[in-house]
Amino acid sequence: MIAGLLYQDKDWKHVKRYEDDNTIIDDLNLKFLFRTCAQTVVWKKGNVEKVLPPDPYIEQTMRQVMMVPLRTAEEVTYRQAVVQDFMNNPEIALSLYDIATKLKTSWELLGRSEKTQKETDSAGEMITRVRTIHLLLNTLCVVKDLLEANKAKFTSLGMQKLMLRIKEELSEEKESRIRKVIDDLSFFVLEEEREAKMKSGRVCVPQIVLGCRIGEGLRFDSYQLEDIQSLDKKYHKPGGFLSKMDDYKNKLAPDAIQLSTNPKFLEQGAYLERMMASYLCEGLAGFVAEIGSFFDQLKMQSAFMVGMYNLEEHMRRYELHMSFPKVGRKQCFKFEELKELIMCLEQHRIPIGNTCEILNKNMLVVTGANQGGKSTFLRSLGIAQIMFQAGMPVLADSYEAPLYPGMFTHFTRREDSEMNSGRLDEELKRMSQIIDFVRANEAEAPGTTLVLLNESFATTTEKEGSVISYDILQAMTEMGVNVATVTHLLSFAKRLYEEKEQEKIDKGIEETNVVFLSAERLDNGERTYKMIPCVPQLTSFGLDLYDQMIHGR
């Protein structure tokens, strides 16, 4: 049985991650986002009292889920609806996560992680198996009752299907059958419990009824279990008067065998009990595997929902609103007031938002003033796309884009002290790896690749870097890859702009496949951190920064 909170018709085992997910995490600083989602905000009288340390399991879950992109509009809308359900009812997400966590902890204490592939038939193992069935059944009933009591609060298909699956898996008839098995096997109890029961004057003993036929040589064969149940009887201390009276009465019965007087009989009796218990437990092995897997899924998937709730609570601290994106048509980017989420969380300030509408383009080139917000803009785009493709809301008033399951980033990195070759060599190696991935992805699903480049090849000369950038980006766009690049390589930007302007003249068209944006700079040198359509300029206005440092203006 699948939990079905992340996907409608498949579990987590059948999903595909981003090809170069570690680079994406490093370039977009997503580790900080994972950690934030794992931190609970505690409120008191409308103010933040404290932020709890991150839950390692939720942190790891956010990384797992966010690094697996959804691939169809149907998958996105399905997950968004489930996420919205839990964001509207966070107490249920928290309850499910708590229930699944406690079950897994209790199961581990029973020795789940220590079990081998081959089950044994020891008395201790039988006790564990009976207790495991009891634990899973009771916990599933708790989940069933919780969802049933709150069913009116859920509108998503995912939650409705989950409630239906649990109802079908645990019908009243099936629950009754399983409970009967557990009751029948209740004579398998721990020594402490057995002693406690004896002190109260009662004892639980098995009654096993076997059917057989007389075969060749008048031997019994074709054994089958007719009935097994636990009987609650008065306990008589061995050697006592009442115990001796029972022994004497049993001796008078012609079909009775006194096990207590024969060690061999005692051994065979214990063996028979274990075999019968093992037989019944084997009949419920499928139930244990199915429900055990379900709770593994439920813990991970409810952890993701809790992470989403925690993120929303962090956004409340800054009075910021997040919205669910829409899946747009090919080469269509439209967003309003898109902000860089991680900058907000890390620096505790509200970043400037950008509004753009980029249609029928597969290359975005961003140039302009130093410290003008270009890299921040590119990161905001990358973070939003990752969150969008994980079924999450984004920090924007609205966001619409295609799905790009083939997503790659190439951001300039600081010099590595252990690097054996130069920085340009390191950049080229990473770019070569991306191109290999891009080719494979485009061959499998054309037009589903997005590459984000931030100051790539700025480690070499302006002339050499411009040539390299031009050749690589032209090759990518010709393959159908969508590229967004922030660059200070002004020769590259100027050459590309002039070629595209000439293309308009030669082909008699109004638009080409490239859009040019620039970080806005006012006449007084002030940066607005807004990206505006603009012809690439042949300066990054570095003297503005010099004046600020020297003259304080």
Side-chain angles (χ1 to χ4, degrees), residues 3 5-7 12 15 17-18 21-22 24-43 48-70 76 79-98 100-101 158 297-325 338-351 379-396 399 407:
L5 300 182
L6 300 182
Y7 294 94
W12 188 251
V15 296
R17 303 169 65 85
Y18 290 107
D21 55 331
N22 289 327
I24 292 174
I25 291 170
D26 290 341
D27 287 345
L28 299 179
N29 193 22
L30 293 178
K31 288 181 181 177
F32 193 88
L33 178 56
F34 304 150
R35 187 163 59 252
T36 301
C37 290
Q39 293 177 300
T40 299
V41 180
V42 179
W43 297 83
V48 176
E49 182 181 24
K50 58 183 176 180
V51 177
L52 300 181
D55 180 323
Y57 186 85
I58 295 179
E59 185 174 356
Q60 179 61 27
T61 297
M62 298 307 297
R63 178 181 183 126
Q64 281 184 290
V65 177
M66 290 182 65
M67 288 299 101
V68 176
L70 298 172
V76 171
R79 189 180 296 180
Q80 285 180 344
V82 176
V83 170
Q84 185 67 72
D85 258 352
F86 280 109
M87 290 176 76
N88 293 339
N89 304 282
E91 70 284 354
I92 300 176
L94 291 165
S95 295
L96 290 176
Y97 178 60
D98 184 58
T101 299
Q297 296 173 54
L298 185 65
K299 181 180 179 181
M300 189 268 276
Q301 296 178 25
S302 61
F304 176 71
M305 303 302 165
V306 173
M308 285 307 312
Y309 165 67
N310 287 341
L311 180 59
E312 186 180 43
E313 291 294 280
H314 283 280
M315 290 295 97
R316 271 184 60 199
R317 301 172 66 186
Y318 309 105
E319 299 182 350
L320 289 173
H321 171 71
M322 300 177 74
S323 63
F324 282 101
L338 174 64
K339 299 178 178 66
E340 212 274 45
L341 173 64
I342 297 174
M343 173 184 287
C344 171
L345 297 171
E346 193 171 27
Q347 300 181 15
H348 303 285
R349 63 188 179 92
I350 300 175
R379 282 196 303 273
S380 71
L381 188 62
I383 294 166
Q385 192 67 22
I386 291 291
M387 295 177 70
F388 165 38
Q389 293 177 174
M392 302 166 65
V394 302
L395 189 55
Y399 187 90
M407 186 168 167

In short, A3 meets Q297 closest at the heavy-atom pair N-OE1, 3.0 Å
Correct closest heavy-atom pair for P53 and Q39 would be C-CG, 4.3 Å
Nearest heavy-atom approach of T61 to A303 is OG1-CB, 3.9 Å
Side chain proximity check, K299 to Y97, heavy atoms < 4.5 angstrom: yes
Closest heavy-atom pair, Y18 versus M66, reported as atoms and distance to 0.1 Å, is CE1-O, 3.5 Å
Are any non-hydrogen side-chain atoms of I386 and M407 less than 4.5 angstrom apart?
yes
E346 meets the side-chain hydrogen bond (donor to acceptor under 3.5 Å, both in side chains) criterion, sequence neighbours left out, with N29
Task: Evaluation steps, side chain to side chain donor-acceptor pair (under 3.5 Å), between Q389 and Q385 - done: CA-CA 6 Å; Q389 293 177 174; Q385 192 67 22; 2.8 Å; yes
When every non-hydrogen atom of S323 is compared with those of A396, the smallest separation belongs to OG-O, 2.6 Å
In L96, L94, V306, the residue satisfying side-chain contact (heavy atoms from CB on, under 4.5 Å) with F86 is L96
Checklist line | V41 backbone acceptor or donor facing E313 side chain under 3.5 Å | finding: no
Residues L395 and H321: closest non-hydrogen pair is CD1-O, 3.7 Å
Can you confirm whether F324 sits close enough to R79 that some side-chain heavy atom of one is under 4.5 Å from a side-chain heavy atom of the other?
no
Q | Sidechain-backbone polar pair: H314 side chain, L345 backbone, donor-acceptor under 3.5 Å | A | no
Evaluate the ring planes of H348 and Y318, with Trp represented by its six-membered ring, and classify them as parallel (under 30°), tilted (30 to 60°) or perpendicular (over 60°).
tilted
Fill in: Min side-chain heavy-atom separation F32-R35 under 4.5 Å
yes
Can you tell me if E319 has over 12 outside heavy atoms packed within less than 6.0 Å of its CD? no
- Query: Can you check whether K31 reaches E59 side chain to side chain, under 4.5 Å on heavy atoms?
  - Reply: no
Side chains of M87 and Y309, heavy atoms from C-beta outward: is any pair under 4.5 Å? no
Q.
Within the structure provided, determine whether V68 and Y7 are in side-chain contact (heavy-atom separation under 4.5 Å).
A. yes
Review point. Quick one: are M308 and V65 in side-chain contact, heavy atoms under 4.5 Å?
Key: no
